[in-house]
2 protein chains.
Amino acid sequence: MGKGEATRERILEIAEAAVLAKGFGATSIDEVIAEAGLTKSGFFYHFKDKNALAREMLRRYVATNDQLFDEIFARGHQLSDDPLQAFLISLKLLAETMADLPNGHPGCLIASICYQERLFDREVRELTAQSVRDWNARFRKILDGIAAVYPPREPVDLDDVADMLSCIVDGAIIMSKTLNDPSRLERQILIFRSCVKLMFAPQSS
Amino acid sequence: MGKGEATRERILEIAEAAVLAKGFGATSIDEVIAEAGLTKSGFFYHFKDKNALAREMLRRYVATNDQLFDEIFARGHQLSDDPLQAFLISLKLLAETMADLPNGHPGCLIASICYQERLFDREVRELTAQSVRDWNARFRKILDGIAAVYPPREPVDLDDVADMLSCIVDGAIIMSKTLNDPSRLERQILIFRSCVKLMFAPQSS
DNA sequence: GAGAAACCGTACCGTGAGTACAGTTTTGGA
DNA sequence: TCCAAAACTGTACTCACGGTACGGTTTCTC
């Protein structure tokens with residue numbers, strides 16, 4: 001890794017924390033470069049403009065999240081051969097992971113971008129849309145596996161159930177931040193888990 | 001209503017549409033006053049600064065939403081004496097109301113503020129927190145009424161279920177906007193409705 | 001040791017928030 | 001109908017921020 005790449009990473013790390021804390025519009029390049037210890041010229045050497053910064057931040061964020069999901073769902077699959085049990089275990093792991101974040105979840109970049117859409121170009125917005133679609137498809141695939149074994153009790157659209165997880169997480173992050181109570185995120189994931197159980201698990205007193 | 005009050009309302013209406021479309025930071029006072037047809041001096045005569053504008057926008061937004069919930073849940077209560085049925089009807093009405101919005105839900109002001117928190121003062125943030133708490137309490141009260149008649153199947157925390165509705169709605173709004181598909185919001189509310197049914201309704205094939 | 005990569009410094013432009021303050025029109029009530 | 005308050009207008013600033021331009025300098029790497 002060249003020195004330039006390291007600087008880029010440092011900038012992205014600092015920028016992401018700032019953006020999640022106060023929004024993209026309120027994050028000034030000046031403060032980022034001050035913390036990163038370089039000049040404006042240095043910044044624009046690495047990023048054409050603020051949009052380029054957003055694009056790279058987003059790529060980083062999506063990659064990190066993808067990796068987290070890979071790990072968590074692989075682990076669930078390791079611990080149980082039953083697709084429903086594996087998913088329930090993974091959701092538990094996800095909840096725990098979120099609960100273990102030191103200062104609560106810092107925020108969802110996609111949601112942050114969503115509420116400031118006009119600040120970004122089409123490429124950035126297309127990137128957010130695609131990653132949401134990918135996550136939904138991933139969850140949908142898991143649900144397909146479950147539904148094949150356990151026919152859902154209520155007639156539910158599996159696409160909607162898949163979407164639900166992303167919605168719950170994004171919504172819970174907002175509530176956590178608004179109420180300054182990190183525990184809400186964990187609890188919402190667990191409530192979703194209960195819903196999945198109710199939908200698919202066979203009757204058990 | 002004096003002329004000043006009418007101007008204030010006009011500014012708030014224009015500002016809300018702009019803020020939900022592109023975020024608070026990206027909404028300039030200049031463009032708002034241009035559309036409202038008054039000068040900068042005129043604007044600052046009504047609002048001390050941008051924070052004061054946010055505060056009033058928020059008050060307006062919360063009041064409108066409160067009224068919507070009042071209507072929808074009152075209507076549900078009219079149509080059925082059974083607390084569970086009444087809630088399920090209300091959720092259906094809520095879903096329909098959201099589906100009927102011409103260009104999809106314009107966005108949640110609380111979420112928008114959440115992701116740009118540092119732009120706002122403590123009073124604004126306290127206002128968002130309080131309205132979320134109020135909405136959660138309202139839903140919780142309804143769930144209490146239901147649980148008294150229909151003991152929940154899974155051991156669920158009713159506070160969490162109450163929170164869930166807000167989370168789902170906020171999350172679904174983000175997904176709707178990100179994917180440019182307004183129907184997601186309606187479908188998520190209906191999926192939540194299915195979950196409530198599964199939690200409380202007695203076994204029915 | 002040379003050339004490319006990774007910066008620094010300085011000076012500049014446009015836009016938007018916000019201030020200051022004096023002047024003008026509009027409005028509602030005695 | 002007049003008068004005072006309310007509701008503005010106009011001008012002229014300030015400061016911060018995004019972004020550009022460009023020449024110079026250091027630092028790596030082959």
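Please read these numbers as outputs of a predicted model, since none were measured by experiment. Proteins get letters first, then strands, A, B, ... in listed order; numbering begins at 1 in each.
With salt bridges taken as basic N to acidic carboxylate O contacts below 4.0 Å, none links A/Arg10 and A/Glu5. The residues B/Asp121 and B/Arg55 are annotated as salt-bridged, a charged nitrogen and a carboxylate oxygen being separated by less than 4.0 angstrom. With respect to the salt-bridge test (charged N to carboxylate O, under 4.0 angstrom), the residues B/Arg8 and B/Glu13 do not qualify. A salt bridge is defined here as a Lys NZ or Arg NE, NH1 or NH2 lying under 4.0 Å from an Asp or Glu carboxylate O, and B/Asp144 with B/Lys141 fails to meet this definition.
Note: CG (A/Leu53) to C1' (D/dG18) measures 12 Å, nearest angstrom. Atom pair A/Asp49:CG and C/dC13:P shows a separation of 21 Å (rounding to whole Å applied). We find that CD of B/Glu31 is positioned 8 Å from P of C/dA17, with the value rounded to whole Å. A/Phe43 places its CZ atom 9 Å from the P atom of D/dG18, with the value rounded to the nearest Å. Atom CZ of A/Arg10 is separated from atom C1' of C/dA6 by 12 Å (rounded to the nearest Å). Computed from coordinates, the B/Arg8 CZ to D/dA6 P distance equals 14 Å when rounded to whole Å. C/dT19 atom C1' lies 18 Å from atom CZ of B/Phe47, rounded to whole Å. The interatomic distance linking B/Ile11 (CD1) with D/dC8 (C1') rounds to 11 Å, in whole Å.
Aromatic ring pairs are classed by plane angle as parallel below 30°, tilted from 30° to 60° and perpendicular above 60°; the pair A/Phe87 and A/Phe73 is parallel.
Distances shown here put a side-chain N or O of B/Lys3 below 4.0 Å from the OP1 or OP2 atom of D/dC8. Residue A/His46 places at least one side-chain N or O under 4.0 Å from the OP1 or OP2 atom of C/dC7. Under 4.0 angstrom from either OP1 or OP2 of C/dA6 there lies no side-chain N or O belonging to A/Thr7.
Residue side chain A/Lys40 reaches the base of D/dG19 through a donor-acceptor N/O pair under 3.5 Å, judged by distance alone.
Contact annotation for B/Gly42: base contact, defined as any heavy-atom pair under 4.0 Å involving a base atom.
The A/Tyr45 side chain lies nearest to C/dC7 when the options are C/dC7, D/dC8, C/dA17. Proximity note for B/Ser41 (side chain, C-beta onward) versus D/dG10, C/dG16, D/dC8: the nearest is D/dG10. For B/Thr39, the listed nucleotide lying nearest its side chain is D/dG10; candidates were C/dG16, D/dG10, C/dG18. Comparing atom distances between the B/Ser28 side chain and each of D/dT20, C/dG16, D/dC8 picks out C/dG16 as nearest.
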